[in-house]
Amino acid sequence: MNFSEIVLTVSSWVWGIPMIVFLMATGFYFSFRTRFLQVRYFREMIRMLFHGKSSASGISSFQSFALALSGRVGTGNIAGVATAIALGGPGAIFWMWFIAFFGAATAYAEASLGQIYKEKINGHYRGGPAFYILKGLKNKYFALAFALTTIVSLGLLLPGVQSNAICDAFQNSFGMAKWITAGIIVFLLALVIFGGVKRLAKVAGYVTPFMAIGYTLIALMILALNYEQIPSMFLLILKSAFGMEPAIGGIVGSAISMGVKRGVFSNEAGQGTAPHAAAACEVPHPAKQGLVQAFSVYVDTLLVCSATALIILITGMYNVYDAAGNVLFRGGGLPLSETGYGPIFTQKAVDAAIPGFGSAFVAIALFFFAFTTIMSYYFQAETNVYFIFRKKRTAFYMINLLRVAVLAVTFFTAINAMTLAWNMADIGVGIMAWLNLIALVFLQKTALKTFSDFERQYRSGIENPVFHPEKLGIDHADEWNKSREHV
């Protein structure tokens with residue numbers, strides 16, 4: 001068994017049925033316990049997104065939203081959606097929507113916990129699963145395991161998926177050699193990550209909304225040009241999701257698996273990445289940032305992922321394959337051997353709808369999507385380095401070592417096989433999700449208690465509820481007890 005086969009086997013173990021059940025069960029639990037906050041507080045999510053300002057220690061709600069969204073919106077929204085359709089059929093899109101809806105409640109829980117147990121390190125707020133595992137569960141070995149897994153996953157495994165997809169898209173569109181594209185990515189990335197968290201948040205705040213809105217507008221234009229096909233397209237998604245489409249009815253299991261796997265890879269709900277950005281924010285109550293992060297799951301999956309899916313399906317530029325690589329449905333897509341796991345399906349789909357435009361547009365959109373995602377990966381890995389190395393001098397050297405490692409990995413994995421990159425990334429995402437979901441189970445009372453406190457104050461007419469952890473019996477929320485200067 002060679003290395004690629006070993007990676008694929010481990011990935012299948014990590015992403016087996018137990019993981020799918022665990023993810024869904026967690027989303028169901030938080031949805032029912034909060035009486036579906038993702039529906040009841042939808043309007044407030046948007047309002048809170050633009051409320052509050054940054055401070056010397058923390059970034060604003062919108063910057064935190066953009067930083068987290070930059071991690072959520074990436075290759076998974078273009079290449080990942082195409083892969084889900086190719087290996088799971090159109091029905092995989094339904095299961096992406098499904099996991100996103102319930103995952104929004106999970107995103108609330110992990111983001112609010114990130115806020116509750118945040119710390120101020122070198123003058124800036126830092127937090128995430130490692131912090132709330134240590135303080136909430138009082139288990140330093142569990143916390144260290146998550147921190148190390150995150151550094152390896154986000155610093156060494158996941159950047160390759162993003163940079164590889166950019167290089168594939170630029171080579172397909174402009175004939176640009178991969179090493180040249182990789183060099184440009186690394187150069188621009190170095191300018192950002194050596195500027196610190198404030199520069200990361202500022203770049204994300206400018207780029208992320210622009211790219212998401214622009215991409216969605218193109219999708220809406222394509223739908224408008226093909227409006228008569230919209231009803232049949234949604235019927236196809238629903239029938240395929242439940243095995244009622246004759247040609248591909250036998251892969252409903254793959255539809256569920258690919259929909260959940262690619263959905264989590266894209267929106268990251270439950271994975272444990274978004275709490276890092278949530279913790280960096282300046283807010284008067286943790287639940288506010290939890291609701292903002294729940295909204296970012298909607299933007300990622302129900303908006304951007306859906307845009308890609310609808311473009312591919314409405315133009316018919318896709319094929320569907322079984323586990324052995326046999327063609328179950330042949331549309332207008334290229335053979336699997338030619339597409340691999342890259343963004344070519346999407347490029348061909350936009351080209352089919354708007355001739356001469358699609359390939360270049362998708363390549364440029366993917367550059368922004370994937371570049372900001374690598375940026376977000378670095379920020380999260382950096383936060384976990386700070387968690388492990390508390391001494392200022394040691395942290396300084398380790399952070400710079402991390403920066404060099406991220407840049408090197410981003411370059412060298414950009415020119416390797418995409419299949420291996422995807423499978424390695426799946427392992428990293430899966431292990432992080434397992435560890436984070438276990439922590440959420442044990443800390444669910446704290447997350448729910450915090451939401452109830454917010455809701456009680458909000459319903460009593462307090463527009464900006466304030467968090468007092470000691471009144472709720474929440475220990476080790478040290479940063480909240482030190483200062484009451486939150487905006």
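The figures that follow rest on heavy atoms only: side chains count, while hydrogens, waters and symmetry mates do not.
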Pairwise side-chain contact, [X] with [Y], heavy-atom cut-off 4.5 Å (strictly under):
| X | Y | result |
| --- | --- | --- |
| F22 | I438 | yes |
| Y377 | Q162 | yes |
| L472 | F467 | yes |

Is it the case that more than 12 heavy atoms not belonging to K138 sit under 6.0 Å from its NZ atom?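 Counting other residues, nucleotides and ligands, NZ of K138 exceeds 12 neighbours.
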
Quick check: closest heavy atoms across [X] and [Y], and the distance to 0.1 Å?
| X | Y | value |
| --- | --- | --- |
| M432 | S153 | SD-CB, 3.7 Å |
| G114 | Y132 | N-CD2, 3.6 Å |
| I166 | F371 | CD1-N, 4.0 Å |
| S31 | Q38 | OG-NE2, 2.9 Å |
| C305 | M96 | SG-CE, 3.8 Å |
| A107 | V297 | CB-CG2, 3.7 Å |

Inter-residue atom distance [X].[atom1] - [Y].[atom2], 0.5 Å rounding:
| X | Y | atom1 | atom2 | result |
| --- | --- | --- | --- | --- |
| T181 | F367 | OG1 | CZ | 9.0 Å |
| F146 | I151 | CZ | CD1 | 10.5 Å |
| F412 | N164 | CZ | CG | 14.5 Å |
| L158 | I374 | CG | CD1 | 10.0 Å |

For [Y], is there any backbone N or O sitting under 3.5 Å from a side-chain donor or acceptor partner on [X]?
| X | Y | answer |
| --- | --- | --- |
| E110 | P129 | no |
| W434 | M19 | no |
| W480 | E470 | no |
| S112 | Q289 | no |
| R40 | T34 | yes |
| T383 | F379 | yes |
| K118 | C281 | yes |
| S163 | T410 | yes |
| S11 | V7 | no |

Got a salt bridge between D478 and K135, using NZ or NE/NH1/NH2 to carboxylate O under 4.0 Å?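 Counted as a salt bridge, because a side-chain N and a carboxylate O are separated by less than 4.0 Å.
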
Quick one: do the [X] and [Y] side chains pair a donor with an acceptor below 3.5 Å?
| X | Y | result |
| --- | --- | --- |
| H285 | D453 | yes |
| Y458 | E44 | yes |
| Q444 | Y29 | yes |
| Q380 | N384 | no |

Ring-plane angle category for F101 and Y298, please: parallel below 30°, perpendicular beyond 60°, tilted otherwise.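 Taking Y298 first and then F101, their aromatic rings lie parallel (interplane angle under 30°).
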
Y108 and ring pair (Phe, Tyr, Trp, His ring centres under 6.0 Å): which single residue from F36, F30, F451, F295 fits?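 Answer after filtering F36, F30, F451, F295: F451.
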
Please walk me through it: do E119 and Y386 pass side chain to side chain contact (heavy atoms under 4.5 Å, CB included)? CA-CA 11 Å; E119 290 183 20; Y386 275 121; over 6 Å; no

Provide the full list of salt bridge (charged side-chain N to carboxylate O under 4.0 Å, His left out) pairs with a residue in residues 11-37, sequence neighbours left out, each pair given once.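 Listed by first then second residue: R35-E455.
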
Can R403 be said to sit on top of F194's aromatic six-ring, NZ or CZ under 6.0 Å from centre and within 45° of the ring axis?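 Yes - R403 lies over the ring of F194, closer than 6.0 Å to its centre and within 45° of its axis.
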
Going by the rule ring pair (Phe, Tyr, Trp, His ring centres under 6.0 Å), which residues pair with F102 if we only count those two or more places apart in sequence or in a different chain?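 Expected list: F28, F98.
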
